[in-house]
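Before any comments, here is the structure.
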Amino acid sequence: MIDMRVNLCGIEFKNPVIAASGSFGFGREYSEIFSLSKLGGISTKGLTLEKREGNKGIRIYETTGGILNSIGLENPGIDYFISEELPFMIKQNTVIIANVGGNTVEDYVKAVNKLNETKIDMIELNISCPNVKEGGMAFGIKSKTSYRVVSEVRRACKKPLIVKLSPNAENIVQLAESCVKAGADGLSLVNTFSGMAVDIKNRKAVFDNIIAGLSGPCIKPIALRMVYEVSKAVDVPIMGIGGIMNYKDAIEFIMAGAWTVQVGSANFIKPTITLDIIDGIKNFMAEEGIKSLEEIRGVI
Amino acid sequence: MDKGYKKGTITSNIEIASNIYELKVASSFNSPFYGEAGQFYMLRAWNGLDPFLARPLSISNIMDGEITFLYQLRGRGTERISKLKSGDSLELMGPLGSSFNTNLRGNVALISGGIGIAPLVFLAKSLKANIDFYCGFKDEVYYIDKIRKYSRAVYISTESGSVGYRGLITEIFNPALYDIAFSCGPVGMMKRIVKMCKGKIPVYISMENRMACGIGACLGCSIKTSKGMKRVCKEGAVFLGEEVFYCD
Ligand SMILES: Cc1cc2nc3c(=O)[nH]c(=O)nc-3n(C[C@H](O)[C@H](O)[C@H](O)COP(=O)(O)O)c2cc1C
Ligand code: FES
C-alpha cells in the first residue's frame with residue numbers, strides 16, 4: 001500500500017500537493033473543474049486585515065519559462081474572507097491554509113487573532129510579497145526584522161504557524177533560522193523573485209511598480225537549492241515552492257528536504273495540473289517501491 | 001461544468017487581411033463547442049511551456065459544433081497560432097467570462113474598432129433586433145460581407161480613407177438613433193463611445209486584458225470599476241461601459 005499522507009505540524013495532508021497562494025484564489029473557480037478534495041491542501045490568496053485593490057497597470061507579463069506578476073495583494077480583507085469564502089472552503093475536505101500579509105506588525109497580529117477563532121487549519125505568514133510597498137517583503141529580507149514579526153505573531157497565533165520566506169532574503173538560511181527561533185512551526189519557500197521587464201518601444205518599465213515577482217520553471221533550480229540548504233539548517237517541516245510543473249519536480253523538492261510542495265504558476269498551464277502531479281508521484285512511488293514519502297524526504 | 005482543456009482540430013487558418021487571421025476549429029471530443037456572444041476560450045496551440053501562458057480569443061462564430069476565432073497577429077502567442085495548419089490540433093478551455101445580453105428588441109448599434117469586430121460579429125448573428133453596424137479600421141477592411149448578413153445597415157470608416165468615411169468611426173455614430181449600443185475595440189474608442197452615450201443610451205463593451213488563469217483565480221486581469229475591482233475573465237469581458245469608464 002502506497003501512503004502519500006504527510007503529517008505536518010499535527011495536520012494531516014492526504015497527499016503532499018498544495019495549491020500555492022495567489023494561483024488558486026479561494027478555490028471556487030477550480031472547484032467547478034475538479035473536486036478539491038483530491039488536493040493535499042490549498043493556500044488562500046494573500047489576505048490582509050483591510051481589503052486591497054491591488055496594483056495599477058499591467059499585472060501579468062510572460063517571460064521565458066515563467067511569469068512576472070504585480071498583483072499587489074488584491075483581496076477582500078480578512079472579515080469578508082471569514083464570512084463569505086471560508087465556509088465554502090472548509091466544506092472541500094482538504095487542508096485550508098490562510099495566507100496572511102500585512103503592512104504592519106499590528107495588522108498581522110489582528111488578522112491572526114481573527115483567524116484563531118475560525119476552522120482554518122494553518123496560517124502561512126507571508127513576509128515575502130515583493131509587490132506591496134510597505135510591509136510584505138520588507139519584513140522578510142533581514143533576519144532581525146523577520147524575527148520581530150514572527151515572534152509577535154507567534155504570541156498571538158493559536159494555529160500551526162508556517163512562515164513563507166522570500167528568496168530575496170539577504171541570507172535565506174539565517175532568515176530561516178531566525179524565523180524558527182521566533183516560533184515558526186514550519187517554513188514554506190520560496191515566494192517570487194524580484195524581477196523586472198522593459199517595454200523598449202515606450203522606453204519604460206512594463207510594471208507601474210517597476211519591480212515585479214518572478215515565478216515558474218525558470219526559478220526552480222534556485223528554489224530547490226534554497227529548500228535544500230534550509231532543510232539542512234532547521235528542524236521544522238518545510239513546504240517546497242518554486243517552478244514545480246510536474247511530478248518529477250515535486251519529487252526533486254521532496255528529496256531536497258521538503259515535506260510537502262506547493263504548486264503556483266503551473267495551475268495557469270492547465271487547471272488540473274495538480275491532479276497530474278499527485279498521480280505522477282503515486283506512480284513513481286509504486287514503480288520505485290517507495291511505501292511512504294518519509295523514505296525519500298531529504299535523501300540528498 | 002467541463003472547463004478543463006479539450007483538444008480541437010483546425011479546419012482552416014487563413015490570413016484574411018494583413019496580420020488578421022480567421023481560425024476555424026472542429027471539436028475532436030464528443031461534445032461540440034458552445035458559448036455565447038462575448039465569451040472567450042483560452043487557447044494553447046503548442047506543446048511545452050513556450051509561450052508559457054494560453055491566449056484568450058473571443059468567439060466569432062459557432063456553427064455545427066465548429067468554432068471560429070478572428071485574431072490579429074500581435075505577439076508570440078498569436079504568431080504561433082498563425083503558423084498552424086488545418087489538421088493540426090490545439091487545446092481549448094472555455095467558454096469563459098460573461099456574455100452580451102442578446103434578448104432585446106429595438107434599434108441597436110454595434111461599434112467596432114479594428115479587430116474588435118471579432119466578438120461583435122457573433123453578437124450580430126445572435127441578436128434579433130435592428131442592427132446598424134459601425135466598423136472602424138485603420139486602412140484595410142475585413143469581414144464586411146459577414147456582418148452585412150446580419151445588419152440593417154453597415155457604416156465603414158478608415159483612418160486612411162481607403163474605404164468609406166475617412167476618419168474615426170466615432171465621428172459618424174449618433175447615439176440619438178438607438179436604444180442600446182455595443183462596442184469593442186481600442187480603449188480610447190470605447191471610452192469616447194461611452195461618453196457620447198452617457199445619459200442617453202446604455203453601452204455594453206467588451207474589455208481585453210493580459211490573462212494568466214482565465215478563470216478568475218489569479219486576479220491578473222482585474223480592473224477598477226465604479227462597482228469595485230472586477231475580473232475581465234470572470235465578471236467580464238462584457239461590462240456596462242459607464243462602470244469601466246466612470247472617471248470622466
Ligand atoms: C499571480 C500570482 C499571485 C501570487 N500571490 C501570492 C500571494 O498572495 N501570497 C503569497 O504568499 N504568494 C503569492 N504568490 C507566490 C506563489 O504562491 C509562489 O510562492 C510563487 O509563485 C512560486 O511558485 P511557482 O513557481 O510554482 O509559481 C503569487 C504568485 C503568482 C504567480
Ligand atoms: S486571468 Fe486570472 S483572474 Fe482573470
Side-chain angles (χ1 to χ4, degrees), chain A residues 19-34 42 44-46 51-76 80 131 206-207 212 215-218 243 245-246 264-273 275-276, chain B residues 1-7 41-56 74-80 90-98 187 207-235 247:
Chain A
S21 176
S23 68
F24 217 76
F26 302 111
R28 278 188 199 277
E29 295 78 19
Y30 289 90
S31 75
E32 293 176 6
I33 301 170
F34 66 91
I42 300 171
T44 67
K45 174 63 195 168
K51 81 172 195 193
R52 288 179 59 99
E53 290 186 345
N55 293 338
K56 294 204 170 66
I58 290 176
R59 288 181 167 198
I60 292 279
Y61 193 80
E62 192 177 69
T63 183
T64 310
I67 48 177
L68 286 156
N69 89 79
S70 181
I71 309 292
L73 289 187
E74 179 184 337
N75 79 94
Y80 182 94
N131 293 328
V206 163
F207 295 101
S215 62
C218 58
M245 305 304 293
N246 52 48
S265 309
N267 293 301
F268 309 149
I269 303 300
K270 187 180 171 197
T272 53
I273 205 157
L275 305 184
D276 296 350
Chain B
M1 228 183 295
D2 51 349
K3 275 204 295 196
Y5 277 95
K6 300 158 199 157
K7 277 229 180 320
Y41 274 77
M42 296 290 282
L43 278 73
R44 281 189 84 80
W46 43 87
N47 289 320
L49 301 174
D50 187 33
F52 195 70
L53 298 170
R55 295 297 191 264
R74 258 197 288 200
R76 293 175 58 243
T78 44
E79 193 185 321
R80 288 289 284 273
L90 76 173
E91 289 176 318
L92 303 100
M93 177 170 61
L96 302 167
S98 59
V187 166
M207 292 295 288
E208 224 186 39
N209 208 350
R210 286 163 194 278
M211 292 182 187
C213 70
I215 57 173
C218 75
L219 310 184
C221 67
S222 292
I223 55 168
K224 196 169 175 167
T225 74
S226 62
K227 298 247 170 85
M229 299 302 292
K230 301 279 178 194
R231 298 161 292 184
V232 171
C233 73
K234 192 79 180 179
E235 287 82 22
C247 296

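Letters go in sequence order (proteins before strands), and every chain restarts at 1.
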- Item | Max heavy-atom pair count under 4.5 Å with chain B, selected residue of A/Ser23, A/Gly65, A/Gly66, A/Pro217 | A/Gly66

- Report the option among B/Gly216, B/Gly228, B/Gly75, B/Cys221 that has the most heavy-atom pairs separated by less than 4.5 Å from atoms of chain A. B/Gly216

When rounded to the nearest 0.5 angstrom, what is the spacing between [atom1] in [X] and [atom2] in [Y]?
{"X": "A/Ile269", "Y": "B/Tyr5", "atom1": "CD1", "atom2": "OH", "value": "7.5 Å"}
{"X": "B/Arg44", "Y": "A/Lys270", "atom1": "CZ", "atom2": "NZ", "value": "10.5 Å"}
{"X": "A/Arg28", "Y": "B/Lys234", "atom1": "CZ", "atom2": "NZ", "value": "10.0 Å"}
{"X": "B/Phe52", "Y": "A/Thr64", "atom1": "CZ", "atom2": "OG1", "value": "11.0 Å"}
{"X": "B/Ser222", "Y": "A/Ile71", "atom1": "OG", "atom2": "CD1", "value": "7.0 Å"}
{"X": "A/Ile67", "Y": "B/Arg210", "atom1": "CD1", "atom2": "CZ", "value": "12.0 Å"}

- Check: B/Leu219 main-chain N/O paired with A/Arg59 side-chain donor or acceptor under 3.5 Å: yes

- Task: Without swapping roles, check the side chain of A/Glu62 against the backbone of B/Leu53 for a donor-acceptor pair under 3.5 Å.
- Result: yes

- Message: Working note: B/Asn209 + A/Ile60, criterion side-chain contact (heavy atoms from CB on, under 4.5 Å); need CA distance, chi angles, decisive distance, verdict.
- Response: CA-CA 9 Å; B/Asn209 208 350; A/Ile60 292 279; over 6 Å; no

- Message: Looking at B/Lys224 and A/Glu53, is there a salt bridge between them, counting it only when a charged N and a carboxylate O are closer than 4.0 Å?
- Response: yes

- Message: Strictly below 4.0 Å, N to O, side chains only: are A/Glu74 and B/Arg231 in salt-bridge contact?
- Response: no

- Query: Near B/Glu91 CD, under 6.0 Å, is it more than 12 heavy atoms from other residues, nucleotides or ligands?
  - Reply: yes

- Note on the structure: Heavy-atom closest pair (B/Met93 atom, A/Pro271 atom, distance to 0.1 Å) is SD-CG, 3.5 Å

